[in-house]
Trainee: 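What follows is a structure written as structure tokens; I'll ask about it next.
First the proteins, then the strands, lettered A, B, ... as listed; each starts at 1. We use all heavy atoms of the structure for the numbers below, so side chains are in, but hydrogens, waters and symmetry mates are not.
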2 protein chains.
Amino acid sequence: MLKTDLDKTGRFSQSDFDRLTKYLVPRQLKKNEILLDQGQICRAVYFISSGSAYQFRYEDIEEKITDLHLPKEWCLNYSSFISQAASQNIIKANSETTALELSVTALHELIAQSPVFLQLGKILQGATTRTQYLDNSMSPSERYNDLIKNRPLILQMFPLKIIASYLNMTPETLSRVRSCF
Amino acid sequence: MLKTDLDKTGRFSQSDFDRLTKYLVPRQLKKNEILLDQGQICRAVYFISSGSAYQFRYEDIEEKITDLHLPKEWCLNYSSFISQAASQNIIKANSETTALELSVTALHELIAQSPVFLQLGKILQGATTRTQYLDNSMSPSERYNDLIKNRPLILQMFPLKIIASYLNMTPETLSRVRSCF
DNA sequence: GGAATTTCTTGATCTGCATCAAGCGGCATC
DNA sequence: GATGCCGCTTGATGCAGATCAAGAAATTCC
């Protein structure tokens, strides 16, 4: 559950944990429901209990995927969240999803109560500092292999079209990379 | 001079400035002289009074240029400097160069004397957070045009071979980009 | 359950940049 | 002044991945 997952990255006592859960609001999301729209400010972060979500921006009319959010991960637009400025990106549920919402004000209250919650800042930052496969130092097949090595669950949760965009290649190229294993 | 240049990025009083200059040690560098070698720790930063320097790492036997340092700029390997760990990169004078050396211990003493010198940390960070033209979101000619727009002096100070490497393209491609202006 | 839409695959072609190769001009050395 | 090296340019070729196109498989929708 949430506690065991939190403990992977930080050290929270049972009472810390109880205090945190009081602020968490469960939200049930339909497929394609939007958690954060372009131009909105990211005023909350979400712990994905089940389901998945992805983050993207429009390039012309195409969705350019910038992040994939798996179950048991925190999901937010970090740059909008820390600056409380308009988000460039859109976050959308990829399937029926249950998320626990923690608002920015709730986070501040928690930190005011105990500095132990400063750890959450680090955790949230870590949740968004993943490889983005934007440079050309890796070939398409290297990027794909790197992804399935580090986050194999992605293959089960997302359509290849979305994975291809995230890996910065066309669906055709991804298909060929996979067929040559 | 140094003071006017510093004032562009921070606010230093004349007495702050006098205090700073006491710690600066002028160094005269010959062309191709090495300021920081691979594996060394970056224990000082340099303000380039005149001349220029460049930073690179070896990929196989090729020099991959990662940063170009112009006159009136601070020159350092930021990641080695802040962590005081071995540098991956090499810094080399590109021509006869005069640099003002400020050691890490001197910087700490300055900061201990007055928090105004914390500004130097930001300035040094800014000196190394330039575009590195590593992603493929810009084409070779866009990268070149971006460079001459933002740092036109580079064209006068560095051979095209080095600029090509910095711009992440071959000398042949740079030559063709330039001929089609 | 059947039609329509979307996703995925496979083949053919195109294109931009790298690589390979050759030649030229400048500069240093003897 | 000849020789050799280096930086730069220019042309020919190669290649990886994008684009275009078509069909198969899966999913959505009425």
Trainee: Is a donor-acceptor contact shorter than 3.5 angstrom present between the side chain of B/E172 and the base of D/dC8?
Mentor: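 Looking at the base of D/dC8, it does not pair with any donor or acceptor on the side chain of B/E172 (distance under 3.5 Å).
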
Trainee: Rounding to a whole Å, what distance do you find between B/R143:CZ and C/dG16:P?
Mentor: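 The distance from CZ of B/R143 to P of C/dG16 comes to 14 Å, rounded to the nearest Å.
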
Trainee: Return the value, rounded to whole Å, for the distance between atom CG of B/L160 and atom P of C/dG26.
Mentor: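 Atom-to-atom, B/L160 to C/dG26, this comes out as 15 Å.
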
Trainee: Is the shortest side-chain N to carboxylate O distance from A/E109 to A/K22 below 4.0 Å?
Mentor: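 Between A/K22 and A/E109 there is no salt bridge, as every charged N stays at least 4.0 Å from the carboxylate O atoms.
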
Trainee: Quick one: B/I162 CD1 to D/dC6 P, roughly how many Å, whole number?
Mentor: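 Distance check: B/I162 CD1 to D/dC6 P gives 14 Å.
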
Trainee: Between D/dG17 atom C1' and A/R178 atom CZ, what is the distance in whole Å?
Mentor: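 The distance from CZ of A/R178 to C1' of D/dG17 comes to 18 Å, rounded to the nearest Å.
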
Trainee: Ignoring hydrogens and angles, does a donor from either the side chain of B/R176 or the base of C/dG16 sit under 3.5 Å from an acceptor on the other?
Mentor: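 Not at all, since no donor on one side and acceptor on the other fall under 3.5 Å apart.
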
Trainee: In whole angstrom, give the distance that lies between atom CD of A/E63 and atom C1' of C/dT7.
Mentor: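 After rounding, the reported distance stands at 14 Å.
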
Trainee: Looking only at the side chain of A/S139 (C-beta and beyond, no hydrogens), which of the listed nucleotides C/dT7, D/dC8, D/dG17 gets closest?
Mentor: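 Looking only at heavy atoms from C-beta outward on A/S139, the closest nucleotide is D/dG17.
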
Trainee: Find the distance B/Y144:OH to C/dC17:P and express it as a whole number of Å.
Mentor: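 These atoms are roughly 16 Å apart.
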
Trainee: Is A/T170 near enough to D/dA18 that one of its side-chain N or O atoms lies under 4.0 angstrom from OP1 or OP2?
Mentor: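 A/T170 to D/dA18 OP1/OP2: side-chain N or O found under 4.0 Å.
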
Trainee: I want to verify a distance call: between D/dT10, D/dT9, D/dG7, whose nearest atom is closest to the B/S179 side chain?
Mentor: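 For B/S179, the side-chain atoms sit closest to D/dT10.
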
Trainee: Ignoring hydrogens and angles, tell me if any N or O in the side chain of A/E62 forms a donor-acceptor pair with the backbone of A/E59 under 3.5 Å.
Mentor: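 No: the side chain of A/E62 does not pair with the backbone of A/E59.
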
Trainee: Output the rounded distance in Å from NZ (B/K161) to P (D/dT9).
Mentor: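 Atom-to-atom, B/K161 to D/dT9, this comes out as 14 Å.
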
Trainee: Can you tell me the distance, in whole Å, between the CD1 atom of A/I163 and the C1' atom of C/dT9?
Mentor: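 Whole-Å distance recorded here is 15 Å.
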
Trainee: Between A/T66 and A/N89, does a side chain to side chain donor-acceptor pair (under 3.5 Å) hold up when you go through it step by step?
Mentor: CA-CA 8 Å; A/T66 57; A/N89 291 358; 3.3 Å; yes

Trainee: Can a side chain N or O of B/T173 be found less than 4.0 Å away from OP1 or OP2 on C/dA18?
Mentor: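 Yes, within the criterion.
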
Trainee: Please find the pair of heavy atoms, one from B/K30 and one from B/E96, that lie closest to each other, and give the distance.
Mentor: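 B/K30 and B/E96 have their closest heavy atoms at CA-OE1, 4.1 Å.
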
Trainee: Check the surroundings of atom NZ in B/K122: do more than 12 heavy atoms from other residues, nucleotides or ligands lie under 6.0 Å from it?
Mentor: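 Not buried by this count: 12 neighbours or fewer within 6.0 Å.
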
